[in-house]
Number of protein chains: 2
Amino acid sequence: MLLAKSTENAIQLIIYLIRHADNDYIRVKEIAEQCNISFFILSKIAQKMIKAGILESYTGPNGGIKLVKNPSDIQLIDVVQSIEGTDVLDKCILGFEHCGEMNPCAVHQHWKEAREVILNMFEGKTLKEIIDIDELKEVYSV
Amino acid sequence: MLLAKSTENAIQLIIYLIRHADNDYIRVKEIAEQCNISFFILSKIAQKMIKAGILESYTGPNGGIKLVKNPSDIQLIDVVQSIEGTDVLDKCILGFEHCGEMNPCAVHQHWKEAREVILNMFEGKTLKEIIDIDELKEVYSV
DNA sequence: AACATTTAAGACTTATGATTCCTAAATATA
DNA sequence: TATATTTAGGAATCATAAGTCTTAAATGTT
């Protein structure tokens with residue numbers, strides 16, 4: 001599995017937020033129900049993204065969470081890194097500590113190319129673009 | 001992490017076997033020492049690859065494991081699948097059960113392209129080719 | 001036959017991530 | 001001020017992967 005399950009959930013949460021954002025806070029409970037994810041799990045994930053500066057929260061009635069930035073200023077990689085840390089895919093795919101340009105393992109070059117494409121998937125487009133394209137196609141929504 | 005740690009070890013084991021194969025069985029203990037992996041872990045990994053038909057073993061003095069096929073007939077994907085199962089990377093990256101061509105999630109198309117490249121890394125070249133290129137460059141060996 | 005070597009395989013332990021639960025803190029509203 | 005709502009965050013549980021140990025089975029060598 002490329003992404004941790006909690007990262008999958010984080011992305012689902014963000015997509016829901018973007019699709020339903022109207023400057024109000026949205027309750028985590030609502031998102032959990034709509035996305036069919038445990039409320040407790042989503043709460044924790046939200047907290048991580050709050051610490052990462054992607055979301056902000058408000059406690060109390062009418063409270064909830066919302067995006068700090070505009071969807072056109074967020075990349076998938078920001079969400080992924082907020083959950084998995086900043087060194088995603090950084091390591092040698094064979095697990096060699098000292099593998100690198102100076103000291104490549106047997107599949108270093110191949111992995112480098114593949115990683116480029118994966119990171120491009122995470123960095124290339126903003127979340128807004130991804131959602132927009134998606135809406136255009138009138139397809140499966142979160 | 002893209003690959004499970006045991007899959008990393010499996011690939012290291014295979015590369016060692018290819019580099020030191022001379023039709024004799026090689027002791028798992030030797031591989032474990034040379035590759036700096038726990039003997040117990042490598043034993044289990046070897047057993048999985050034996051069940052997958054990649055390796056064969058011989059019990060007793062002068063026993064050990066060796067490749068069943070020629071390195072030019074083995075692809076990385078064979079090794080990966082022997083440990084991780086045959087549905088590696090098959091699932092939706094956002095974890096949606098029903099995501100597919102008919103019902104794509106917001107990042108389905110992007111993930112499809114990235115997966116293509118990853119699988120190509122695993123399928124495109126035989127292990128022999130990977131090792132040969134590596135030797136040519138006189139670089140880091142396992 | 002006895003012994004040493006080596007894989008086979010199951011049991012056990014540890015580590016990590018996923019999940020659930022519970023109490024506290026913040027705050028709008030009546 | 002009392003109450004209901006909602007996030008915050010720690011504790012506890014569960015599941016799965018990783019790692020270790022122990023005994024059995026196979027077989028070459030003496």
Exercise. Starting at CD1 of Ile45(A) and ending at P of dG17(C), how long is that distance when rounded to a whole Å?
Worked result: 14 Å
Problem set entry | Glu129(A) side-chain N/O to Thr126(A) backbone N/O, donor-acceptor pair under 3.5 Å | yes
Exercise. Can any side-chain N or O of Thr7(B) pair as donor or acceptor with the backbone N or O of Leu3(B) at less than 3.5 Å?
Worked result: no
Exercise. Expressed in angstrom and rounded to an integer, what is the separation of Arg27(A) atom CZ from dT5(D) atom C1'?
Worked result: 9 Å
Seminar exercise, completed: When Gly63(B) and Lys51(B) are each assigned the nearest nucleotide of DNA chain C, the 5'-most assignment goes to Gly63(B)
Problem set entry | Spacing of Asn36(B) atom CG relative to dG19(D) atom P, expressed in whole Å | 12 Å
Exercise. Rounded to whole angstrom units, what separation is found between the CD1 atom of Ile65(A) and the C1' atom of dA26(C)?
Worked result: 17 Å
Exercise. Between Ser57(B) and dA8(C), does any side-chain N or O lie under 4.0 Å from OP1 or OP2?
Worked result: yes
Exercise. Between Asn62(B) and dA4(C), is there a side-chain N or O to OP1/OP2 distance below 4.0 Å?
Worked result: no
For this session: Select base, sugar-phosphate, or nothing to describe what Ile83(B) touches, counting heavy atoms under 4.0 Å on all strands.
Result: nothing
Exercise. Rounded to the Å, how far apart are Ile31(A) CD1 and dT6(D) P?
Worked result: 12 Å
For this session: Using whole Å, report how far CD of Gln47(B) lies from C1' of dA18(D).
Result: 16 Å
Do any N or O atoms of the protein come closer than 3.5 Å to N or O atoms of nucleotides 19-22 of chain C, and which pairs are they?
unit_1	atom_1	unit_2	atom_2	d
dT19(C)	OP1	Lys5(A)	NZ	3.1
dT20(C)	OP2	Ser38(A)	OG	3.3
dT20(C)	O4	Lys44(A)	NZ	2.6

Seminar exercise, completed: To the nearest angstrom, the NZ-P distance between Lys29(B) and dA4(C) comes to 16 Å
Exercise. Between Glu116(A) and Lys112(A), is there a side-chain N and carboxylate O pair less than 4.0 Å apart?
Worked result: no
Exercise. Given atom CD of Glu30(B) and atom P of dT6(C), what is their separation to the nearest angstrom?
Worked result: 10 Å
Problem set entry | Nucleotide of dG28(D), dT7(D), dA18(D) approaching Pro61(B) most closely (side-chain heavy atoms) | dG28(D)
For this session: Determine yes or no for a side-chain-to-main-chain donor-acceptor pair under 3.5 angstrom, with Arg115(A) supplying the side chain and Leu89(A) the backbone.
Result: yes
Exercise. Rounded to the nearest 0.5 Å, what separation is found between the CG atom of Leu13(A) and the OH atom of Tyr16(A)?
Worked result: 10.0 Å
Exercise. Do Asp78(A) side-chain atoms and Gln75(A) backbone N/O form a donor-acceptor pair below 3.5 Å?
Worked result: yes
Exercise. Can any side-chain N or O of Lys66(B) pair as donor or acceptor with the backbone N or O of Asn23(B) at less than 3.5 Å?
Worked result: yes
